Protein chains: 2
Amino acid sequence: MVDLGGINVTTINEIAAMANVSRTTVSRVLNNSGYVSEDARTKILKVIEETGYVPSQQAKSLRTKKTKVIGVILPTIKTETSGRLVAGMDEVLAQEGYQILLANTNHEKHKEIEFINLLKVRQVDGIILAATNVNDELLEKISQLNIPFVAIGQEFDGVTNVLFDDYNAARDMTRLLIDKGHSRIGFIGVDESDRAVGYLRKKAFLDEMKQAKITVEDAWVQKGVFNIESGYEAVARMFKDSLELPTAVFAVTDRLAVGAMRYLNQYHFKIPEDIAIAGVGASEMSKYVTPPLTTIDYLNEAAGREAAQLLINKITENHKGKEKVVLSYRLLERDSV
Amino acid sequence: MVDLGGINVTTINEIAAMANVSRTTVSRVLNNSGYVSEDARTKILKVIEETGYVPSQQAKSLRTKKTKVIGVILPTIKTETSGRLVAGMDEVLAQEGYQILLANTNHEKHKEIEFINLLKVRQVDGIILAATNVNDELLEKISQLNIPFVAIGQEFDGVTNVLFDDYNAARDMTRLLIDKGHSRIGFIGVDESDRAVGYLRKKAFLDEMKQAKITVEDAWVQKGVFNIESGYEAVARMFKDSLELPTAVFAVTDRLAVGAMRYLNQYHFKIPEDIAIAGVGASEMSKYVTPPLTTIDYLNEAAGREAAQLLINKITENHKGKEKVVLSYRLLERDSV
DNA sequence: ACTTTTTGTGGAATCGATTCCATATTAAGC
DNA sequence: GCTTAATATGGAATCGATTCCACAAAAAGT
């Protein structure tokens, strides 16, 4: 009878019995440890082959305290950014035999801590957090955590981080707009509790404008949330309240930028002739809107890979370090400016 | 001293010792089973509260054979479709206390079976497969599997499926184009080993054309893969080889459609005046390309929720049924036709 | 030829829970 | 007042592995 690779519910005890050895010896063969005679080894391997036996991760983990599972906490799973991040992590983790246990907070801050607890109970070997905010409770939780941990996207003191260079990226983009001859530049940001996207990018914009000695009208600086509709509304407010209309708008995410473009199209502003527009994120969409959107590519997959690699280093080498890795970015200048 | 919710590595034995009871009694309190005096209960709860004890899932699973983990096998994690699917599942699963263990095949067919094995070893309580193809080996594997299982997107005999109504959706779209007065209609499909996207949608297109007694030139029917570039190339081939150019093109995915639009824009065909175009998938991008793309919304999140719900039913009620749930769709008519 | 090492094997404890079974106490039934 | 049932508790087995320790047998050293 041919065994089609079905995994039967066999235990190490049965294998031991069938091979006429103790389960200790079977375990040695399984883990390639200690002394085992060639004789016993082949006999055991043969039985394993025949039965299709696979050791229970369950029992193994209970004893060894290792699960080969990494918990990944995300603010959402619906966006491209999350997808790319996870894809990058998975690429590295899968190679090392780890699997990803998902934890989706749906942007609810309190769930970040809840999930850290839950993942700890599940004995994951490590945790990667794609963070959207920094708060003391979370920082406290992380620093007292005795599981290898890496945060992506926000800087936590005393924690290993993979960071995007939000500040310089946003300054570069602002400078690009200035270099293109714009002096009235609008800005669409998000709440500053998101230090990376909200605070740093805004600060970079204002710093660069200040350095260029360009004044920024209050109404030109608007705040939105992470969706397209919000970009539309932000630019609507901007245009309604401005004394003088801006000739360029820098939005801190592509979605906000695309929302802004919608508004501009609707009211027949020409892009980039009347108003230039720029975003951040290099979403797939950004390439196919009309005109193609100038944006910044943050290389999210690379970030995922980097985070996974750092985590694995911490796990395997018991690396206690708290590295800060700042990833590079690419400014993609397209027809919208 | 205030305990900040840190989970300490306490075991049920220590709790038992501290509360002066046996671990059996502690277990009873934990699981709300059997008889426990109010006296003992409060004493135990107090100790649990003080220590922040949380039982080890590890040990629990070993004994109970339940992990509260669902394995989700995906062809990719980078696309919106996957993201939405997973978001939908997570919504339902999280509510029932399940977490998702990701398995990303990267479109490698053989990995589907590998992952089913791996997930089985990990003792997941159920598996959801977002399938891209149907083959005998896989079907065999699934049917001999004794873990609750749900497949999304492809029909497997004797298995619970959540299906999209690919055939009728594609017929509807074809009919829409015909109704708009087109008689020369091009088609961009994918390989028919993907029965849903490749085979059914093509069959629907051809059936509808046949019913309308419209002939289809060979060159009008092209095949691509799942990316934008491929749509561009497909329409390029179509236009090069056609005796007479089509006046409309139906692509089986939005990406293919967007690629086609790129080509049309580049060669200054006006959409929809010169050539109408339609896709499938209702990607976010489809709404913001110019002109907005006519497409079909498959309600992926709903599919994810549905699959998760079916799986939970199977798990909790030991439901042996093999339901087929066919989801509805919405045809989104926008400016591209 | 006798001690020391290396090699090979199995018994038993352990990981941290659940659960069956036995037993003690108390309440209810008649 | 005596039997039966409900309540309460703990001992011990179990889940399926790993690993420490003891102990033979074979090989090496002197």
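Proteins get letters first, then strands, A, B, ... in listed order; numbering begins at 1 in each. What you are looking at is a predicted structure, and each value in this text was computed from that prediction instead of being measured.
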- Integer-rounded Å distance: dT18(C) P and Lys68(B) NZ: 14 Å
- Note on the structure: Going 5' to 3' through nucleotides 8-13 of chain C and flagging B where a protein heavy-atom sits under 4.0 Å of the base, S where only the sugar-phosphate is that close, and - otherwise, we get BBBBBB
- Message: Measure CD1/Ile44(A) against C1'/dA17(D) and give the value in whole Å, please.
- Response: 15 Å
- Task: Report the residues that fulfil side-chain hydrogen bond (donor to acceptor under 3.5 Å, both in side chains) with Lys60(B), sequence neighbours left out, ordered by chain and then residue number.
- Result: none
- Query: How many Å lie between CZ on Arg122(B) and P on dG16(D), as a whole number?
  - Reply: 18 Å
- Please check if any side-chain donor atom of Ser61(B) sits under 3.5 Å from a side-chain acceptor atom of Lys66(B), or the reverse. no
Please set out all donor-acceptor pairs under 3.5 angstrom arising from side-chain atoms of residues 26-33 of chain A, sequence neighbours excluded.
{"from": "Ser27(A)", "atom 1": "OG", "to": "Asn31(A)", "atom 2": "ND2", "distance (Å)": "3.4"}
{"from": "Asn31(A)", "atom 1": "ND2", "to": "Ser27(A)", "atom 2": "O", "distance (Å)": "2.9"}

- Task: Answer yes or no: does a side-chain N or O of Asn13(A) lie under 4.0 Å from OP1 or OP2 of dA17(D)?
- Result: no
- Between dG16(C) (P) and Gln58(A) (CD): distance, integer Å: 15 Å
- Message: Test of understanding: with salt bridge (Lys or Arg N to Asp or Glu O under 4.0 Å), list the residues that count as partners of Arg63(B), not counting sequence neighbours.
- Response: none
- Message: Measure NZ/Lys65(A) against P/dA17(D) and give the value in whole Å, please.
- Response: 16 Å
- Item | Distance, rounded to the nearest Å, where Asn32(A) contributes CG and dT19(D) contributes C1' | 16 Å
- Item | Contacts of type side-chain hydrogen bond (donor to acceptor under 3.5 Å, both in side chains), residue Glu112(B), not counting sequence neighbours | none
Scan the side chains in residues 125-137 of chain A for donor-acceptor partners under 3.5 Å anywhere in the protein, sequence neighbours excluded, and list what turns up.
{"from": "Asp125(A)", "atom 1": "OD1", "to": "Thr67(A)", "atom 2": "N", "distance (Å)": "2.9"}
{"from": "Asp125(A)", "atom 1": "OD1", "to": "Thr67(A)", "atom 2": "OG1", "distance (Å)": "3.2"}
{"from": "Asp125(A)", "atom 1": "OD2", "to": "Thr67(A)", "atom 2": "N", "distance (Å)": "3.3"}
{"from": "Asp125(A)", "atom 1": "OD2", "to": "Lys68(A)", "atom 2": "N", "distance (Å)": "2.7"}
{"from": "Asn133(A)", "atom 1": "OD1", "to": "Asn135(A)", "atom 2": "ND2", "distance (Å)": "2.8"}
{"from": "Asn135(A)", "atom 1": "OD1", "to": "Glu137(A)", "atom 2": "N", "distance (Å)": "3.3"}
{"from": "Asn135(A)", "atom 1": "OD1", "to": "Leu138(A)", "atom 2": "N", "distance (Å)": "2.9"}

- Nucleotide nearest Thr64(B) (side chain, heavy atoms from C-beta), chosen from dT18(D), dT19(C), dG16(C): dT19(C)
- Query: Please give, in whole Å, the distance from dT19(C) C1' to Ile12(B) CD1?
  - Reply: 11 Å
